[in-house]
Protein chains: 2
Amino acid sequence: MDERKETTNATGWVDGETKVLEAPGDHGAELRLWLRLLTCSTLIETEVRRRLREEFDSTLPRFDLMAQLERASEGMVLGEVSKRMMVSPGNITVLVERLAESGHISRTTSPTDRRVQIIALTPFGRAEFEKMASAHADWIADLFGGLAPKDGAVLLDELAKLKRSIVASLGKGS
Amino acid sequence: MDERKETTNATGWVDGETKVLEAPGDHGAELRLWLRLLTCSTLIETEVRRRLREEFDSTLPRFDLMAQLERASEGMVLGEVSKRMMVSPGNITVLVERLAESGHISRTTSPTDRRVQIIALTPFGRAEFEKMASAHADWIADLFGGLAPKDGAVLLDELAKLKRSIVASLGKGS
DNA sequence: CAGAGAAACTTCAAGCTTAAAGTTATTTTC
DNA sequence: GAAAATAACTTTAAGCTTGAAGTTTCTCTG
């Protein structure tokens with residue numbers, strides 16, 4: 001990419017290594033961590049989006065939706081897709097419209113409940129998805145390739161702990 | 001939040017813990033890692049966006065842009081902001097318009113180069129930003145609060161390694 | 001110093017995303 | 001069995017985001 005310093009688009013603290021703003025409670029360590037986490041996932045996500053667009057003329061949301069459908073051979077209800085993708089129902093409506101238009105998914109109204117829409121990959125959609133998924137796995141493997149297996153294992157473990165911390169913190173609020 | 005299983009909105013592989021799809025090259029470990037990383041950063045980002053909206057009627061992009069300006073007392077050129085935030089120039093144009101409208105930033109044409117726009121926080125904008133930044137630091141500290149200091153240090157270190165891997169991989173392609 | 005080229009935005013078309021409000025259909029309650 | 005509540009979307013308004021094309025303003029070459 002380029003030689004740009006570490007920056008972020010979600011905290012605003014430039015160069016987390018050396019210049020994190022000192023908050024009253026001195027939350028510098030957490031901010032630095034968050035910044036670095038965000039930098040990594042932004043870099044990866046941006047690259048994945050770019051390649052999906054350039055190599056498959058597709059987008060990440062489309063890919064994600066198809067991925068949800070991939071192992072649901074009987075199809076899936078819109079609400080379930082919405083929950084799994086953690087996005088709003090209205091969002092799914094739009095995505096589904098486009099994917100149906102392009103022939104990647106089929107759409108039927110449930111015979112037992114006319115409120116319910118069931119979507120499923122078409123054979124064409126499945127074939128397209130498989131191509132994308134295979135390439136996607138390679139891209140990710142490449143991006144993580146410089147990480148020693150041991151580091152990968154440690155990172156996976158630490159991220160599990162972080163996730164528990166996040167979920168616990170979110171839980172308190174509700 | 002809720003008791004939903006680990007899911008993602010950028011890979012489609014549900015429940016990274018147990019069910020990652022086996023790619024031909026067996027990239028399961030990397031996919032699992034990516035999924036977990038993404039889950040963490042999505043959870044945090046979603047929460048930060050929610051709170052910025054609810055507590056400050058603001059958005060993450062706005063906050064980010066103001067954060068870039070926060071330590072640039074002399075103001076900053078749009079192009080520089082765009083680079084630091086890693087977003088497109090067109091995006092900055094729109095954000096700047098709105099922030100100028102709401103009185104958070106000022107905007108002047110450079111006296112030496114009429115192509116160049118210089119933006120800076122207004123006193124009002126600075127005051128608003130400081131409130132937000134302080135709250136933001138608290139939110140992050142909360143979300144990471146369940147992580148032992150030692151785990152934080154390890155995570156920071158592993159993420160540095162990951163970032164190097166990513167940057168190296170991106171560099172190869174160009 | 002004129003024309004070519006590069007820079008720094010701005011505009012445009014398209015798509016993603018959300019919260020909130022609106023529809024339609026099913027279930028629950030009295 | 002109607003009215004009320006609930007569910008499952010869909011629609012709407014607003015904002016974010018991008019890549020590509022367009023405009024204006026320097027800067028560089030010959």
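Chain identifiers are assigned alphabetically (A, B, ...) following the order of the sequence lines, protein sequences preceding nucleic acid strands; residue numbering begins at 1 within each chain.
Interatomic distance, CG of A:Leu60 versus CG of A:Leu52, reported as 6.0 Å (0.5 Å rounding). One distance of note links CG of B:Leu78 with CZ of B:Arg115; it measures 13.0 Å at 0.5 Å rounding. Rounding to the nearest 0.5 angstrom, the gap separating the CD atom in A:Gln68 from the CD1 atom in A:Ile92 is 8.5 Å. Here A:Asp157 contributes atom CG and A:Leu162 contributes atom CG; the two are 11.5 Å apart, rounded to the nearest 0.5 Å.
The stretch residues 102-112 of chain B comes close to DNA chain C through B:Arg107, each having a heavy atom under 4.0 Å from the strand.
No side-chain donor from either of B:Ser110 and B:Gln117 sits under 3.5 Å from a side-chain acceptor of the other.
A salt bridge does not link A:Glu101 to A:Arg98: none of the charged nitrogens lies less than 4.0 Å from a carboxylate oxygen. Looking at B:Lys131 and B:Glu128, a side-chain N of the basic residue comes within less than 4.0 Å of a carboxylate O on the acidic one, giving a salt bridge. Under the 4.0 Å criterion applied to side-chain N and carboxylate O atoms, B:Glu47 and B:Arg50 are assigned as salt-bridge partners.
The shortest non-hydrogen separation linking B:Pro89 to B:Ser82 is N-OG, 3.6 Å.
Atoms CD (B:Glu45) and P (C:dT17) sit 12 Å apart, rounded to a whole Å. Here D:dT18 presents its C1' atom at 15 Å from CD of A:Glu47, a figure rounded to the nearest Å. Atom P of nucleotide D:dT17 and atom CZ of A:Arg49 are separated by 10 Å, given to the nearest angstrom. For B:Leu95 and C:dT11, the CG to C1' distance is 15 Å, given to the nearest whole Å. Following rounding to the nearest Å, A:Gln117 (CD) and D:dT11 (P) show an atom-to-atom distance of 11 Å. Summarising the geometry, the separation between CE on B:Met76 and P on C:dC9 is reported as 12 Å, rounded to the nearest angstrom. In this structure, B:Ile118 atom CD1 and C:dA8 atom C1' are separated by 12 Å, rounded to whole Å. B:Glu97 places its CD atom 15 Å from the P atom of D:dT17, with the value rounded to the nearest Å.
Residue B:Thr59 places at least one side-chain N or O under 4.0 Å from the OP1 or OP2 atom of D:dC16.
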Taking only nitrogen or oxygen atoms into account, show me every contact under 3.5 Å that the protein makes with nucleotides 19-24 of chain D, one pair per line with its distance.
| residue | atom | partner | partner atom | Å |
| --- | --- | --- | --- | --- |
| D:dG19 | OP1 | A:Arg53 | NH2 | 3.2 |

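Of all nucleotides listed (D:dT18, D:dT10, C:dC9), D:dT18 comes nearest to the side chain of B:Val87.
In this structure, the side chains of A:Leu99 and A:Ile119 stay at 4.5 Å or more apart for every pair of heavy atoms. For the pair B:Leu155/A:Leu159, a side-chain contact is recorded, criterion being any heavy-atom separation below 4.5 Å from C-beta on.
Five base pairs at each end of the helix from C:dC1-D:dG30 to C:dC30-D:dG1 define two local axes, and these are offset by 10° (rounded to 10°).
When each of A:Arg114 and A:Arg98 is assigned the nucleotide of DNA chain C bearing its nearest heavy atom, the one mapping closer to the 5' terminus is A:Arg98.
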